[in-house]
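Structure first, commentary second.
Each residue takes its place number in the sequence, starting with 1.
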Amino acid sequence: MPPPELLARAEALHRTHPVVECHTDIPVDTYRRRRAGEEAPLADDYLHRFRKGGVRVQFLAVGGDVPDSFDGLGRPQLRALEMIDDVLEEVSRCPELRIVESPADIDEAIALGQVGLVLHLEGLRPLAGRAASLGHFHRLGLRSAQLTWNGSNELADGVGVDGPGGITRAGQEVVAELERLGIVIDAAHLSEPGFWELTELVGCPIVVSHANAWALCPHPRNLKDDQIRAIAERGGYVGVCFLPAFIGEEPTLERLLDHVDHIAGLAGVDAVAVGPDYTEFAPDLMEGGPSEGVDYGPSLRAPEGLRRVETLPVFTAGLLGRGYSEEDAAKILGGNALRVLRHVLR
């Protein structure tokens, strides 16, 4: 654990600068809890945890290509609609939560002390290859999306595919529609050929919400140096991920901070964000499940002391201990993600 004086500075920084968590699968947990009889797990449980962690804007993966986001019968569009409905219904009854659809929503959420929620699809299999379907999800509040997960869909191949290709013709149409509608394009899980095709297709920033540096840990989900530079050149960010398999053989806070140093050293502090991808809320769903060709190792638990959203100030204290200024730490914690959201959202 960082020294108490650093932790106190980190907690103070969280109170004065908006923190953005760029990726979480919390709706997988709230979906099953609501159907088990809980009325509002997002508002009654997670909201308080966001507050303790200082999170002011939270990306929520409300379905996609991940097997546990399906409805059990291989209909990802149905489960995505159900998860979105869960979030919208809770937000409608909780004035402390707000769906983020525009830059004005961000500003108002921060001014009013609300937690802003950005709806995200972790893979676009729910579109069934139809760009026209994207408009329906956009009207429901979708403002962030990955093309795929580890496997293949109608749009592209993920990193778990042997001999992967790039982006299909249908995928090119969807990418154009994502940019037109003002939806953040997230290249997490996308194959390397698909990544480079994507950089040629769009003019807006590209982000990777949860990944680390391949140079320090050669995991297929991590990014090579030229990819990191390309993201930075387009004004995007890499959300450093707390999953042990992405950190290295010694998944500690210090080793995670090495990834921050590497990305910042290559591309500048403006290219770094926070995408922990916590799984502690649903280990039974996350660990040992289908991974479509990607090895996540024996455990998905974040480094000791960093295993819940409430512990994010520990990461911030680590940044300060590494010599990052409070201004640069604030950029990493949320400023860079907010910059991209304000640029992309209509």
Exercise for the section: Taking salt bridge (Lys or Arg N to Asp or Glu O under 4.0 Å) as the test, write out the residues that go with Asp29, two or more places apart. Expected result: Arg32, Arg33

Handout entry: Side-chain H-bond candidate by donor/acceptor type, His120 with Arg143, under 3.5 Å
Key = no

Exercise for the section: Taking atom CZ of Arg93 as the centre, report whether more than 12 heavy atoms of other residues, nucleotides or ligands fall under 6.0 Å from it. Expected result: yes

Exercise for the section: Assess whether atom CD of Glu249 is packed by more than 12 heavy atoms of other residues, nucleotides or ligands within 6.0 Å. Expected result: no

Exercise for the section: Taking His259 for its side chain and Ala213 for its backbone only, find out whether a donor-acceptor pair lies under 3.5 Å. Expected result: yes

Handout entry: Distance-minimising heavy-atom pair for Cys241 and Ile247
Key = O-CG1, 3.9 Å

Handout entry: Under the side-chain contact (heavy atoms from CB on, under 4.5 Å) test, residues paired with Ser152 that sit two or more places apart
Key = Asp157, Val161

Exercise for the section: Decide whether Leu121 and Val100 are clustered together by the hydrophobic rule: side chain heavy atoms of Ile, Leu, Val, Met, Phe, Trp, Tyr closer than 4.5 Å, transitively. Expected result: no

Handout entry: Pairwise side chain to side chain donor-acceptor pair (under 3.5 Å) hits with a residue in residues 336-346, at least two apart
Key = Asp107-Arg342, Asn336-Arg339

Handout entry: Check: Leu155 main-chain N/O paired with Thr168 side-chain donor or acceptor under 3.5 Å
Key = yes

Practice task
Could you tell me whether Arg255 and Asp258 have a side-chain N and a carboxylate O separated by less than 4.0 Å?
Solution key: yes

Exercise for the section: Measure from the side-chain N and O atoms of Asn212 to the backbone N and O of Asn222, and report whether any donor-acceptor pair falls under 3.5 Å. Expected result: no

Problem - Any donor-acceptor pair under 3.5 Å from Arg56 side chain to Ile110 backbone - result: yes

Problem - Partners meeting salt bridge (Lys or Arg N to Asp or Glu O under 4.0 Å) with Glu173 (sequence neighbours left out) - result: none

Practice task
Establish whether Val208 and Tyr278 are linked, either directly or via other cluster members, by ILVMFWY side-chain heavy-atom contacts under 4.5 Å.
Solution key: yes

Practice task
For Pro95, enumerate each residue passing the side-chain contact (heavy atoms from CB on, under 4.5 Å) test, keeping only those at least two apart in sequence or located in another chain.
Solution key: none

Practice task
Answer yes or no: is there a side-chain heavy-atom contact under 4.5 Å between Leu142 and Ile84?
Solution key: no

Exercise for the section: Determine yes or no for a side-chain-to-main-chain donor-acceptor pair under 3.5 angstrom, with His14 supplying the side chain and Gly53 the backbone. Expected result: yes

Handout entry: Donor-acceptor pair, side chain of His189 and main chain of Gln146, under 3.5 angstrom
Key = no

Practice task
Indicate whether the side chain of His48 and that of Glu310 have a donor and an acceptor atom separated by less than 3.5 Å.
Solution key: no

Problem - Within 6.0 angstrom of Glu39 CD, more than 12 heavy atoms from elsewhere - result: no

Practice task
Report, as yes or no, whether the 6.0 Å neighbourhood of atom CD on Glu254 holds more than 12 heavy atoms from other residues, nucleotides or ligands.
Solution key: yes

Handout entry: Sidechain-backbone polar pair: Ser191 side chain, Gly165 backbone, donor-acceptor under 3.5 Å
Key = yes

Exercise for the section: Establish whether Val274 and Tyr46 are linked, either directly or via other cluster members, by ILVMFWY side-chain heavy-atom contacts under 4.5 Å. Expected result: yes

Handout entry: His219 side chain to Asp295 backbone, donor-acceptor under 3.5 Å
Key = yes

Handout entry: Carboxylate-amine/guanidinium contact Glu5 Arg9, below 4.0 Å
Key = no

Handout entry: Qualifying side chain to side chain donor-acceptor pair (under 3.5 Å) pairs, either residue in residues 177-186, two or more places apart
Key = Glu177-Arg180, Asp186-Ser209

Problem - Distance in Å, Met83 CE paired with Thr30 OG1, rounded so as to fall on 0.5 Å steps - result: 7.0 Å

Handout entry: Residues in side-chain contact (heavy atoms from CB on, under 4.5 Å) contact with Ala264, at least two apart in sequence or another chain
Key = Val269, Val272, Tyr324

Exercise for the section: List for me each residue that meets salt bridge (Lys or Arg N to Asp or Glu O under 4.0 Å) alongside Arg221, sequence neighbours excluded, and say none if there are none. Expected result: none

Problem - Partner set under salt bridge (Lys or Arg N to Asp or Glu O under 4.0 Å) for Glu90, not counting sequence neighbours - result: Arg34

Practice task
Please check if the side chain of Thr148 supplies one atom and the backbone of Gly151 the other of a donor-acceptor pair under 3.5 Å.
Solution key: yes

Exercise for the section: Check each of Asp65, Leu78, Leu134, Val62 against Pro126 using the side-chain contact (heavy atoms from CB on, under 4.5 Å) test, and report the only one that passes. Expected result: Asp65

Practice task
Could you tell me whether Arg322 and Asp328 have a side-chain N and a carboxylate O separated by less than 4.0 Å?
Solution key: no

Problem - Arg49 vs Glu280, salt bridge (charged side-chain N to carboxylate O under 4.0 Å, His left out): CA-CA, chis, key distance, verdict - result: CA-CA 13 Å; Arg49 295 166 66 173; Glu280 48 75 31; 2.7 Å; yes

Handout entry: Under 3.5 Å donor-acceptor, Arg51 side chain and Leu47 backbone
Key = no

Handout entry: Single-linkage hydrophobic cluster Leu223~Ile167, side-chain heavy atoms < 4.5 angstrom
Key = yes

Problem - Counterpart residues, ring pair (Phe, Tyr, Trp, His ring centres under 6.0 Å), relative to Phe59 (two or more places apart) - result: none

Practice task
Heavy atoms only: give me the nearest Trp149-Ser291 pair and the separation to one decimal.
Solution key: CH2-CA, 3.8 Å

Practice task
Check side-chain contact (heavy atoms from CB on, under 4.5 Å) between Ser102 and all other residues, then give those that pass, not counting sequence neighbours.
Solution key: Ala104, Asp105

Problem - In one Ile/Leu/Val/Met/Phe/Trp/Tyr side-chain cluster, 4.5 Å: Val175, Ile231 - result: yes

Handout entry: Cluster companions of Leu6 among Ile, Leu, Val, Met, Phe, Trp, Tyr (side-chain spacing under 4.5 Å)
Key = Leu320

Exercise for the section: Ignoring hydrogens and angles, state whether a donor on the side chain of Asp225 or His262 is under 3.5 Å from an acceptor on the partner side chain. Expected result: yes

